[in-house]
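In what follows, chains are A, B, ... by sequence order, proteins preceding strands, each numbered from 1.
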There are 2 protein chains.
Amino acid sequence: MISGEIIKGSLKTIVLKLLKEEGPMHGYAITRKVEELSGGNIKLTYGALYPVLHKLESEGVLVTTSENFNNRTRIYYTLTPKGDKVVIEKIREMTEFIESLQSIINPKPGLSHA
Amino acid sequence: MISGEIIKGSLKTIVLKLLKEEGPMHGYAITRKVEELSGGNIKLTYGALYPVLHKLESEGVLVTTSENFNNRTRIYYTLTPKGDKVVIEKIREMTEFIESLQSIINPKPGLSHA
DNA sequence: TTGCAATATATAAGAAGCTTATATATAAAA
DNA sequence: TTTTATATATAAGCTTCTTATATATTGCAA
């Protein structure tokens, strides 16, 4: 299991990317899918997820639609056109960040002091 | 340039890994090296770096030695044996996290809904 | 010789992001 | 009947980082 501190900052990007790939999802399904895709390594907490979803909604990146399923309310989150653009930018940023991290944690031998 | 939020949680790991690769460094040199290795993408702020260095020192992960260079004090940070172990664990964790992120942001086609 | 950029360390105030604890409610399985 | 899974949500608090500020030396350019 990955310790809490390292996940900071990537939650928004993860959620947006999932909605782009999978289409509209409700909160509970998002946590399950992230757990599945990460092989159990990343476990989202609801205390982190719902505030993020509400914030993204207030920013116009997501819209919600309610649905009743087995007497349980499901709130589906769907990307807006603005959201589609935001995802692309967030993914670009994360990819760049990962590349930078890899330059540091997995430096090419022979460049600095080999 | 990478926005602030995404870097959260990885600063400690970056610093420790640098000290492992480069040997003892002072704070200013750490910021320069990170900028260089990341191609200018990651810029550490001193307000973030020094508190982290001090905390790692108080945890016994680093020790400091002062040196005078051109009438400027340089405080070199060196990994302790405990630090060597912590780096290995941190890098393992970060690698695992990056792999999980990539499963999400770069999903294999043909597995879920292709 | 004055001023600016680079070098070098450091702290305080505050914002942002997350964890933990808590609350509510239904359905299915044990 | 009690636990597990499903489903959403908020509050309190911690950690991490940003921004602003402070101090001081060296070297270069104007």
Donor-acceptor contacts, no H, no angles, side chain residues 45-52 of chain B, under 3.5 Å, sequence neighbours left out:
none

Touch class at under 4.0 angstrom, heavy-atom based, for B:G27 against every strand present: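 B:G27: backbone/sugar contact only, no base atoms under 4.0 Å.
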Interface with DNA chain D, restricted to residues 56-73 of chain B and to heavy atoms under 4.0 Å: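 Result for residues 56-73 of chain B: B:N70, B:N71, B:R72, sorted by number.
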Nucleotide [N], atom [atom2] - distance to [atom1] of [X] in whole Å:
X: B:K12; N: D:dC17; atom1: NZ; atom2: C1'; answer: 13 Å
X: A:L49; N: D:dA9; atom1: CG; atom2: C1'; answer: 11 Å
X: B:H26; N: C:dT7; atom1: NE2; atom2: P; answer: 10 Å
X: A:E35; N: D:dT6; atom1: CD; atom2: C1'; answer: 14 Å

Sequence neighbours excluded, every pair satisfying salt bridge (Lys or Arg N to Asp or Glu O under 4.0 Å) that has a member inside residues 55-66 of chain B: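 As it turns out, the salt bridge (Lys or Arg N to Asp or Glu O under 4.0 Å) pairs with a partner in residues 55-66 of chain B, which skip direct neighbours, are B:K55-B:E59.
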Contact list for residues 63-78 of chain A, test salt bridge (Lys or Arg N to Asp or Glu O under 4.0 Å), sequence neighbours left out: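 The answer is none; no pair qualifies.
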Side chain of B:R74 - closest among D:dC17, D:dA9, C:dA8: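 The answer is C:dA8, which lies nearest to the side chain.
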Nucleotide of C:dA8, D:dT10, C:dC18 approaching B:Y28 most closely (side-chain heavy atoms):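 Between C:dA8, D:dT10, C:dC18, the one nearest the side chain of B:Y28 would be C:dA8.
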Taking only the side-chain nitrogens and oxygens of [X], find out if one of them lies under 4.0 Å from OP1 or OP2 of [N].
X: B:R32; N: C:dT7; answer: yes
X: B:H54; N: C:dT11; answer: yes
X: B:Y46; N: C:dT9; answer: no

Residues A:I30, A:L53; criterion side chain to side chain contact (heavy atoms under 4.5 Å, CB included); working and verdict: CA-CA 11 Å; A:I30 291 173; A:L53 288 170; 4.2 Å; yes
Nearest-nucleotide comparison on DNA chain C, the residue closer to the 5′ end among B:A29 and A:A48: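 The answer here is B:A29.
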Residues in ring pair (Phe, Tyr, Trp, His ring centres under 6.0 Å) contact with A:Y28, at least two apart in sequence or another chain: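 Per chain and number, A:Y28 pairs via ring pair (Phe, Tyr, Trp, His ring centres under 6.0 Å) with no residue.
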A:K20: side-chain hydrogen bond (donor to acceptor under 3.5 Å, both in side chains) partners, not counting sequence neighbours: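 Per chain and number, A:K20 pairs via side-chain hydrogen bond (donor to acceptor under 3.5 Å, both in side chains) with no residue.
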